[in-house]
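Since the structure comes first, as structure tokens, the remarks are kept for the end.
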Amino acid sequence: MATMKLGWREWVFQIANLIVFTLLLLICLYPFYFILIQSFSDPIESSRNIVALYPLGFTLQNYVEVFALPGLALAFIISVLRTVLGTVISLFFSSIFAYTLMKKELPGRKILYRISILSMYLNAGLIPWYIVMRNYHLNDTFLLYVLPGAVSVFNVILIKTFMENVPSALEESARMDGAGYWTIYSRIMMPLSIPVLAAVAVFTAVGQWNTWMDNLLLINNNKLNTLQYILLQYLNQAEMIAAQVKEGGNAAGYQISPFSLRMTVTMVVTIPVLLVYPIIQRYFVSGIMLGAVKG
Amino acid sequence: MKPQVSISESIAFNNKRRYWTVGRFTLLGMALPSFIFLLLFAYGPIFGWIYAFFDYRIGMRLSQAEFMGLHYFRIAFSDPDILRVLLNTLAISFLGLLSLPLAALFAIFLSEMKWKKYQKFVQTASTLPHFISWIIVFSLSFALFSPESGLMNRILLQIGIIDTPLNPMANNQWAWFFQAALFIWKGLGYSAIIFFAAIASIDRELHEAADVDGAGRYMKIWHITVPGMMPTFIVLLLLNIGSLLSNGFEQYYVFMNPLVQSKLEVLDYYVYKVGLALNDVPVATAFSILKTIISICLLLGANLLSRKIADRGIL
């Protein structure tokens, strides 16, 4: 620091800049913090006093009540399953497609590539998509969550661009040793592409975790509801659910308010994203930049 | 390009045995499952466009539906609500375009920040809203702004600035601005990353030369940083023009309520309402077809413009 000689004008600028960005930071983060402290506050305390800086009457009972709500634990499992399976399936089919599209020996490569690119600009629209998914009999099946995203052309291009920069000598020497395309893909290209695959995986996983439209439109079976959708239902019906919890009369006579219920369920849905966020943020700059290069 | 393909094809035809090696079969076999998924889930729904030409209702088979030609397109064009819906769509989209200059400013001033660790932290934290669903955004908004228990109203009531709670989520007059603000809040930090990278890639020697010439901070920002990030800005702006008609469905679905409905019915929401709430599949499909065609035209137009002014296409 001593080496840096800053004039007073520079200090004024830096400190003003610091204040502005701290305010922006608060605008971004405070809403999350507010919900967090609500979920740890006693509902009676938080209805009497304004909880704005720290939890009042710290309690974990809100979470106990929320996890006892019918459907929530199952929805959590469904959301985890769709996230994990959806990501694995998408990585497999997108990366194998990227690899084959890179090979000049692939019969019809050009036309396959063009058809893939064109699909990025064609958006069928909600209703045609809805009817066609029903025609495929994907409504009320778990497959609806994981199959439609199996091949993301955008990710295919990201992976393909990355694979094209893997030195071809590696592949050629494997060919010399008699390795076929499948072996080269699975033993050489996949391990070497881990940086791009990791970036694609975290983006796909967050996308899967956050998707709920398919659930809203095409799933009537309550057992297949995702956490996001359950949250939406709870947000819309919190008064009713809070009343039910009250009537159910638990041992301690605990009363969860509709507001505390909403806040706690929101935290349950948000916490997984917050937990993986430090891992994601290592990749998102590279992910966005890969996308920007393509754009 | 063309002759090359036909030559290789004719070689393939003449030496069929040589062309169809085991390797080529393997590659094709590896590519096909993915390609079939692409056809099923990217092009399958496009074939669903056929429902715009038939008197079709959900649950029917297409063979039971009567062919109506362009009838439903005429209905779509004469829909009394469509002008209002388009106005909402474009108004919110144009307000949302503000996020680009804001993100550029954000990146410029953040890159001037002296404390690098704090800079990194701001960058990370401001991106978080991008990674949560609109349902969570709705819940956050409810927590802060709801009239009964929202933080804003409780504080304002307590200190006596207002006597009746405000309800920005149900304010018709401010509905466009409120939704655009949420949209900007969610995406600002994420958009800034691209600008931030564009600034980082500006040649440092330019700054050093400017220092030698005695240029101040704002001179350098105006004459070095801004021109340096201009190409990125133009590309993003033109890409956004291609999606002017797409505000998305989820945001408007979760924030919809009767008081703001007339202002928040954007095209993506309206298509849902006509198709699924009113069960008028052909008209909703006609809207979707028109929307896709117009969007592609806008994108191609933007691409042409980009070739003219920035000398490079965006596609």
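Numbers restart at 1 for each chain; the letters A, B, ... are given by sequence-line order, proteins then strands.
- Residue contact with chain A, scored on non-hydrogen atoms closer than 4.5 Å, is absent for B/Leu188.
- Within the 4.5 angstrom heavy-atom criterion, only side-chain atoms of B/Ala42, from C-beta onward, approach chain A.
- A salt bridge links B/Arg217 with A/Glu10: the closest approach of a Lys/Arg side-chain nitrogen to an acidic carboxylate oxygen falls below 4.0 angstrom.
- Only the side chain of A/Leu29 comes within less than 4.5 Å of a heavy atom of chain B; its backbone N, CA, C and O stay farther away.
- When all heavy atoms of A/Pro128 and B/Pro45 are compared, the closest pair comes out as CB-O, 3.4 Å.
- Contact annotation for A/Ser152: neither backbone nor side-chain heavy atoms come within less than 4.5 Å of a heavy atom of chain B.
- The number of heavy-atom neighbours closer than 6.0 Å to NZ of B/Lys116, taken from other residues, nucleotides and ligands shown, is above 12.
- Both the backbone and the side chain of B/Glu112 come within contact range of chain A, each with at least one heavy atom under 4.5 Å from a heavy atom of that chain.
- Within the 4.5 angstrom heavy-atom criterion, atoms from both the backbone and the side chain of A/Met213 approach chain B.
- Looking at heavy atoms from C-beta onward, A/Leu217 lies in side-chain contact with B/Tyr272 at the 4.5 angstrom threshold.
- Remark: A/Tyr277 OH to B/Thr127 OG1 distance equals 4.0 Å, nearest 0.5 Å.
- Atom CG in B/Leu245 sits 11.0 Å away from atom CG in A/Asn123 (nearest 0.5 Å).
- Interface residue A/Leu126: backbone and side-chain heavy atoms are both found under 4.5 Å from chain B.
- With a 4.5 Å cut-off on non-hydrogen atoms, A/Phe34 touches chain B through its side chain but not through its backbone.
- Looking at heavy atoms from C-beta onward, A/Leu232 lies out of side-chain contact with B/Trp134 at the 4.5 angstrom threshold.
- In this structure, chain A has heavy atoms under 4.5 Å from both the backbone and the side chain of B/Leu110.
- Heavy-atom distances place the side chain of B/Tyr218, and not its backbone, under 4.5 Å from chain A.
- In this structure, chain B has a heavy atom under 4.5 Å from the side chain of A/Leu25, while its backbone stays farther away.
- Distance check, rounded to the nearest 0.5 Å: CE of A/Met133 to CG of B/Leu40 gives 8.0 Å.
- Atom CZ of B/Phe121 is surrounded by 12 or fewer heavy atoms from other residues, nucleotides or ligands within 6.0 Å.
- One distance of note links CG of B/Leu128 with SG of A/Cys28; it measures 8.0 Å at 0.5 Å rounding.
- Judged by distance alone, the side chains of A/Thr22 and B/Tyr118 do bring a donor and an acceptor atom under 3.5 Å apart.
- Only the side chain of B/Phe138 comes within contact range of chain A, with heavy atoms under 4.5 Å apart.
- What you find for A/Pro31 and B/Leu140 is that their closest heavy atoms are O-CD2, 3.5 Å.
- Taking all atoms of both residues into account, the shortest heavy-atom contact from B/Ile135 to A/Gln228 is CD1-O, 3.3 Å.
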(request) Could you walk me through whether B/Leu276 and A/Tyr130 pass side chain to side chain contact (heavy atoms under 4.5 Å, CB included), step by step? (result) CA-CA 9 Å; B/Leu276 289 176; A/Tyr130 171 85; 3.5 Å; yes
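- If you measure heavy-atom distances from B/Ile293 to chain A, you find no contacts under 4.5 Å at all.
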(message) If you apply the rule side chain to side chain contact (heavy atoms under 4.5 Å, CB included), what do you find for A/Phe13 with B/Lys114, and how did you get there?
(response) CA-CA 10 Å; A/Phe13 174 85; B/Lys114 186 166 91 75; over 6 Å; no
(request) Kindly determine whether B/Leu299 and A/Tyr121 satisfy side chain to side chain contact (heavy atoms under 4.5 Å, CB included), including the steps that lead there. (result) CA-CA 9 Å; B/Leu299 193 67; A/Tyr121 300 103; 3.5 Å; yes
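- In this structure, B/Ser139 and A/Met263 have side chains that are in contact, with non-hydrogen atoms separated by less than 4.5 Å.
- Only the side chain of A/Ile35 comes within less than 4.5 Å of a heavy atom of chain B; its backbone N, CA, C and O stay farther away.
- With B/Tyr43 contributing its side chain and A/Ile115 its backbone, the two residues share a donor-acceptor pair below 3.5 Å.
- Considering all non-hydrogen atoms of both residues, A/Phe259 and B/Ser149 come closest at CD1-OG, 3.2 Å.
- For a residue to count as touching a neighbouring chain, one of its non-hydrogen atoms must lie under 4.5 Å from one of that chain's; by this rule B/Phe287 does not touch chain A.
- Considering only heavy-atom pairs separated by less than 4.5 Å from chain B, the leading option among A/Pro148, A/Ser47, A/Gly125 is A/Pro148.
- Under a cut-off of 6.0 angstrom, the local environment of OH in A/Tyr33 is crowded, with over 12 non-hydrogen atoms contributed by other residues, nucleotides or ligands.
- Neither the backbone nor the side chain of A/Arg9 comes within contact range of chain B; no heavy atoms are under 4.5 Å apart.
- At least one side-chain heavy atom of B/Val271 sits less than 4.5 Å from a side-chain heavy atom of A/Ile127.
- With B/Trp115 contributing its side chain and A/Leu18 its backbone, the two residues share no donor-acceptor pair below 3.5 Å.
- Heavy atoms closer than 4.5 Å to chain B are found in both the backbone and the side chain of A/Leu118.
- In this structure the side chain of B/Val254 never reaches within 4.5 angstrom of the side chain of A/Leu235, judged on heavy atoms.
- For A/Leu216, the part lying near chain B is the side chain, with the backbone staying farther off; criterion is any non-hydrogen pair under 4.5 Å.
- When heavy atoms are compared at a cutoff of 4.5 Å, A/Leu138 approaches chain B solely by way of its side chain, counted from C-beta outward.
- Between the A/Asn17 side chain and the B/Phe109 main chain, a donor and an acceptor come within less than 3.5 Å of each other.
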(request) Would you please test A/Phe21 and B/Phe106 for ring pair (Phe, Tyr, Trp, His ring centres under 6.0 Å) and show each step? (result) CA-CA 9 Å; A/Phe21 276 106; B/Phe106 184 96; 5.2 Å; yes
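- Contacts with chain B were tallied for A/Leu231, A/Leu147, A/Val156; A/Leu147 has the most, counting heavy-atom pairs under 4.5 Å.
- Side chains of B/Phe35 and A/Phe93 form no contact here, defined as non-hydrogen atoms less than 4.5 Å apart.
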(request) Test side chain to side chain contact (heavy atoms under 4.5 Å, CB included) on B/Leu28 and A/Leu106 and set out the steps. (result) CA-CA 6 Å; B/Leu28 200 58; A/Leu106 174 70; 4.1 Å; yes
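- Heavy atoms of A/Tyr136 lying under 4.5 Å from chain B belong exclusively to its side chain.
- A/Pro107 is not listed as a side-chain neighbour of B/Phe25, based on a closest heavy-atom distance of 4.5 Å or more.
- A/Ile131 touches chain B through its side chain: at least one heavy atom from C-beta onward sits under 4.5 Å away, while N, CA, C and O do not.
- Heavy atoms of A/Phe97 lying under 4.5 Å from chain B belong to its backbone as well as its side chain.
- In this structure, the side chain of B/Arg154 engages the main chain of A/Asn49 through a donor-acceptor pair within 3.5 Å.
- In terms of heavy atoms, A/Leu122 sits closest to B/Thr292 at CA-CG2, 4.4 Å.
- The two atoms that bring A/Trp182 and B/Thr26 nearest to each other are N-CG2, 4.4 Å, heavy atoms only.
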